[in-house]
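One-based numbering along the sequence shown. For the numbers below, each heavy atom of this structure counts, side chains included, while hydrogens, waters and symmetry mates do not. Whatever order the structure lists them in is the order used to number ligands and atoms, beginning at 1.
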Amino acid sequence: MTGRAFSSDSISYLTQREAAEVDEMLMGPAPGFSVDQLMELAGLSVASAVAEVYAPAEFNRVLAICGPGNNGGDGLVAARHLRHFGYAPAVCYPKRAQKPLFTGLVTQLESLSVPFVSVEDLLGGELLNGFDLVLDAMFGFSFCGAPRAPFDELVRLVACLSRDKAERDGKSPVVVAVDVPSGWDVEEGDVSGEGIKPDMLVSLTAPKLCAKRFSGAHHFLGGRFVPPAVAEKFNLCLPPYPGSAMCVRIGKAPQVDISALRVNYVSPELLEEDVEPDPMDQFRKWFDDALAAGIREPNAMALSTSGKDGKPSSRMVLLKGVDQDGFVWYTNYESRKAREISENPNAAIMFFWDSLNRQVRVEGAVEKVSKEESEQYFYSRPRGSQIGALVSKQSSVIPGRHVLAQLYKQLEEKFSDGSGIPKPGNWGGYRLKPRLYEFWQGQPSRLHDRLQYTPDETEGKKGWRVVRLAP
Ligand SMILES: NC(=O)C1=CN([C@@H]2O[C@H](COP(=O)(O)OP(=O)(O)OC[C@H]3O[C@@H](n4cnc5c(N)ncnc54)[C@H](OP(=O)(O)O)[C@@H]3O)[C@@H](O)[C@H]2O)[C@H](O)CC1
Ligand SMILES: Cc1cc2nc3c(=O)[nH]c(=O)nc-3n(C[C@H](O)[C@H](O)[C@H](O)COP(=O)(O)O)c2cc1C
Ligand SMILES: Cc1ncc(COP(=O)(O)O)c(C=O)c1O
Ligand SMILES: [K+]
């Protein structure tokens, strides 16, 4: 039913010659790319990969050192995109190519007020220490021999930077190499021992053989432009790019200190006078914000239940309806959650909308929705999910995946005439009727906003009382 995950062991690495041949084919009669197109996409993928690992708030000052060829062009494009992403790039471009493509890239950077620095500026002093990130776009897959002036000095400078990192104050810039770390043999790696030692490598199109020797923390692939015909011709095995991403991590997962993982939330203040008197209206407002922010499945919520033993259990479910009576989701009436709800109707649901720094908690009692309501929703689901509901005795132990696949196939055949799939009797909805809400918004220094609503009656009029809780 589904494909297997891509294994990073099976990825293709290119020789220097193959890299040039792939390049040539990409710009041949079919698929007929222009160098401008490929360079724009390559540079954008470099900038995207940088942004994925090194946030602009922390690694703002970027120095792109650009060489005389297309690798240098990728660096110029990446610097422009980084500028748009909120970084403050500067560029060192000592051997400027005179073709219109390159002069155009320079003009575009100048029009964004990106400063150009000279080799003398860099060699003369501590200037390099003023940067948080150095982008090495000196040489790519056409590099041969030992770097000639002025790149010999520049390679040495950047190489020292990484070599001495441990002895420095920890404030020296990180180094990101474009396609091939400069000074490295394209196939053998850093044979001279004088090449740069990047923290991150962004391979383009497909990694070159030297990338096997890369030992830095972050290896990405960019250049999402290889059509199947080119991949087939060169027998390229490349990882899929997730969603609309311009780059994909191909190296080992980064080693992180879990205890150091934290985000300092910054949001507008959430004030008592700004929230809706009815918490359901407030929920709808925030839900609309989550939709507008493009959050994937903003209707995913954690549902916590506990049976008569009082031991809570949680799982995610999808909110499928919300009205004055409460929050509705659908599930199997013989599942673990269903058993717990039958023993104890009190439950809690929780939404977390990451990019908005928002959490909503709702507590209340749960009851089944009507059979008609469940049927109406069931028949709106994709046919595959309807069959899935018949297949799965949710929360029961099964001997393996094959059982599901077998039963699914049988039922697919049974209903192959297109006839309606009946809703199983043990499948339907629940509605949680709220008696407590909490709207949480993250703030700096963990001094978050928390507004809690509980039912209130003043002068015979039912409403809600809002209080602020300490974070
Ligand atoms: N389809 C793709 O793969 C794409 C790749 N892109 C990027 O392009 C580079 C390859 O670009 P290319 O222009 O072929 O080569 P380089 O940028 O690696 O370098 C060529 C220039 O460097 C000079 N060179 C070579 N060796 C030395 C040396 N030892 N010392 C000093 N200078 C050197 C060379 O000069 P020559 O006089 O020797 O000709 C050239 O001027 C690839 O790696 C990707 O980054 C595209 O942008 C997208 C598509
Ligand atoms: C994002 C997400 C949404 C889910 N939505 C539902 C749902 O709406 N209904 C459901 O029965 N299971 C849903 N599941 C699966 C449940 O988390 C859970 O595995 C299943 O309901 C069995 O839970 P139980 O054994 O505690 O009853 C979802 C899982 C995820 C990750
Ligand atoms: C087992 C199960 N049932 C029901 C649902 C609810 O969603 P839908 O009705 O869109 O399939 C989900 C969602 O993930 C699910 O995993
Ligand atoms: K490079």
Side-chain angles (χ1 to χ4, degrees), residues 14 16 18-28 31 33-46 64-78 94-97 99 101-102 105 134-152 154-155 158 175-186 192 195-196 198 201-208 210 222-223 225-226 230 234 297 299-301 315-321 328-332 335 337 374 377-378 380-382 384-386 388-389 391-392 394-395 427-429:
L14 301 177
Q16 189 161 25
E18 284 166 341
E21 284 172 0
V22 171
D23 199 38
E24 222 170 276
M25 183 171 176
L26 284 167
M27 288 186 276
F33 282 110
S34 67
V35 64
D36 307 36
Q37 281 183 291
L38 296 180
M39 195 174 282
E40 188 61 31
L41 291 168
L44 177 58
S45 31
V46 170
I65 310 183
C66 300
N70 290 348
N71 195 258
D74 293 351
L76 297 173
V77 173
K95 287 265 177 246
R96 299 188 178 197
K99 292 192 194 119
L101 165 60
F102 294 88
L105 293 175
V134 172
L135 189 65
D136 155 39
M138 287 182 265
F139 303 116
F141 63 60
S142 299
F143 176 75
C144 265
R148 298 187 295 272
F151 295 101
D152 51 348
L154 288 170
V155 168
V158 180
V175 178
V176 178
V178 179
D179 207 21
V180 174
S182 294
W184 285 30
D185 182 274
V186 177
S192 68
I196 69 164
L201 170 63
V202 187
S203 292
L204 294 168
T205 311
K208 316 303 168 292
C210 66
F225 45 58
V226 182
V230 176
F234 290 90
E297 293 200 308
N299 59 330
M301 58 188 193
R315 81 288 291 147
M316 300 299 291
V317 292
L318 292 182
L319 178 71
K320 290 287 166 172
V328 175
W329 69 92
Y330 292 88
T331 192
N332 185 299
S335 61
K337 70 180 96 49
S374 291
Y377 175 66
F378 183 80
S380 78
R381 303 177 80 214
S385 312
Q386 292 182 5
V391 166
S392 168
Q394 195 175 54
S395 318
W427 196 94

Within the structure, does at least one protein heavy atom fall under 4.0 Å of atom 39 (O) of ligand 1?
no

Any donor-acceptor pair under 3.5 Å from K208 side chain to A206 backbone
yes

Would you say atom 11 (O) of ligand 3 has a protein heavy atom nearer than 4.0 Å?
yes

Test of geometry: compute the angle O(D136)-the K ion (ligand 4)-OG(S182) and round it to 10°.
100°

Note, V176 side chain near V134 side chain (heavy atom, < 4.5 Å):
no

Tell me whether D179 contacts the main-chain N or O of L204 through its side chain, where contact means a donor paired with an acceptor under 3.5 Å.
yes

Counting backbone and side-chain atoms alike, is an N, O or S atom of V180 positioned under 3.4 Å from the K ion (ligand 4)?
yes

Counting backbone and side chain alike, does V178 bring an N/O/S atom below 3.4 Å of the K ion (ligand 4)?
yes

What I'd like to find out is whether the side chain of W329 reaches to under 4.5 Å of the side chain of M301, using heavy atoms alone.
yes

Any idea how F139 and F151 line up, ring-wise: parallel (<30°), tilted (30 to 60°), or perpendicular (>60°)?
perpendicular

Starting from atom 35 (O) of ligand 1, what is the nearest protein heavy atom, named by residue and atom, and what distance separates them?
R148 NH2, 3.9 Å

How far is atom 24 (N) of ligand 1 from its nearest protein heavy atom, and which residue and atom is that?
F139 CE2, 3.9 Å

Looking at every heavy atom in both I196 and A177, which two are closest together, and how far apart are they?
CD1-CB, 4.2 Å

Are the side chains of C144 and Q16 in contact, using a 4.5 Å heavy-atom criterion?
yes

Among protein heavy atoms, which sits nearest to atom 8 (O) of ligand 1, and what does the distance come to when rounded to 0.1 Å?
N70 CB, 3.1 Å

In terms of relative ring orientation, are Y377 and W427 parallel, tilted or perpendicular, with 30° and 60° separating the classes?
parallel

Those atoms of ligand 1 less than 4.0 Å from some heavy atom in G140:
16 (P), 17 (O), 18 (O), 43 (O)

Atom indices of ligand 1, in the order listed, that fall short of 4.0 Å to a heavy atom of L26:
1 (N)

Just to confirm my output: which protein heavy-atom neighbour is closest to atom 14 (O) of ligand 1, and how far is it?
S142 OG, 2.6 Å

Heavy-atom pairs closer than 4.0 Å: do any link ligand 1 to the side chain of D179, the backbone, both, or neither?
side chain

If you measure every N or O of G72 against every N or O of ligand 1, does any of those distances drop under 3.5 Å?
no

Using a distance threshold of 4.0 Å (strictly less than), state whether atom 15 (C) of ligand 3 has a protein heavy-atom neighbour.
no

Tell me, do I65 and L135 make a side-chain contact under 4.5 Å, heavy atoms counted?
no

With heavy-atom distances below 4.0 Å as the criterion, list the atoms of ligand 3 near Q394.
1 (C)

Measuring from the heavy atoms of G67, does anything fall under 4.0 Å of ligand 1?
no

Among all the protein's non-hydrogen atoms, which is closest to atom 44 (C) of ligand 1, and how far away is it?
D74 OD2, 3.2 Å

Select one of side chain, backbone, both or neither to describe which atoms of A137 lie under 4.0 Å from any atom of ligand 1, heavy atoms only.
neither

Examine all N, O or S atoms of A137, backbone included, and report whether one is under 3.4 Å from the K ion (ligand 4).
no

From atom 27 (C) of ligand 1, is the closest protein heavy-atom distance below 4.0 Å?
yes

What do you reckon, does P147 put a non-hydrogen atom under 4.0 Å from ligand 1?
yes

Would you mind reporting whether S374 and Y330 have side-chain heavy atoms less than 4.5 Å apart?
yes

Atom 5 (C) of ligand 3 [closest protein heavy-atom partner, distance rounded to 0.1 Å]
R381 NH2, 4.0 Å

Answer yes or no: is there a donor N or O on one side and an acceptor on the other, between the side chain of E40 and the main chain of Q37, under 3.5 Å?
no

Quick one: does atom 2 (C) of ligand 3 have a protein heavy atom under 4.0 Å from it?
no

Within the structure, is a non-hydrogen atom of A19 found at a distance of less than 4.0 Å from ligand 1?
no

Mark the output for V180 as yes if a heavy-atom distance to ligand 1 is under 4.0 Å, and as no if none is.
no

Close side-chain approach of V158 to S182, heavy-atom, < 4.5 Å
no

Tell me the protein heavy atom at minimum distance from atom 23 (C) of ligand 1, and give that distance in Å.
P68 CG, 3.9 Å

Could you tell me whether a side-chain N or O of D136 sits under 3.5 Å from a main-chain N or O of M138, the two making a donor and an acceptor?
yes

Got the closest protein heavy atom to atom 4 (C) of ligand 1, with its distance?
D23 OD1, 3.4 Å

One residue to check: W329. Relative to ligand 3, which of side chain, backbone, both or neither has a non-hydrogen atom less than 4.0 Å away?
neither

K337-T331 side chain donor-acceptor pair, cut-off 3.5 Å:
yes

Give the atom numbers and elements of ligand 1 that come within less than 4.0 Å of a heavy atom of N71.
8 (O), 9 (C), 11 (O), 17 (O), 43 (O), 45 (O)

A146 backbone acceptor or donor facing D152 side chain under 3.5 Å
no

Per-atom contacts of ligand 1 with A146, taking only distances under 4.0 Å to non-hydrogen atoms
28 (C), 29 (N), 30 (N)

Determine, using heavy atoms of M316 and all atoms of ligand 3, whether some pair is separated by less than 4.0 Å.
no

For the pair Q386 (side chain) and R381 (backbone), establish whether a donor and an acceptor sit closer than 3.5 Å, ignoring hydrogens and angles.
yes

Answer with yes or no whether F143 contacts ligand 1, where contact means a heavy atom under 4.0 Å from a ligand atom.
yes

Within-cut-off N or O pair, L204 and ligand 1, under 3.5 Å
no

Give the atom numbers and elements of ligand 3 that come within less than 4.0 Å of a heavy atom of L318.
7 (O), 13 (C)

Taking 4.0 angstrom as the limit and counting only heavy atoms of K320, give me the atoms of ligand 3 inside it, by number and element.
7 (O), 8 (P), 9 (O), 10 (O)

Side-chain contact test, heavy atoms from C-beta onward, threshold under 4.5 Å: evaluate it for L154 versus P94 and give yes or no.
yes

Is there a polar contact between ligand 3 and Y377, counting only N or O atoms under 3.5 Å apart?
yes

Does the S335 side chain pair with the main chain of Q394, one donor and one acceptor, at a distance under 3.5 Å?
no

So which heavy atom in the protein is nearest atom 3 (O) of ligand 1, and how far is it from that ligand atom?
T205 OG1, 3.2 Å

Are F141 and D23 side-chain neighbours, meaning at least one heavy-atom pair lies under 4.5 Å?
yes

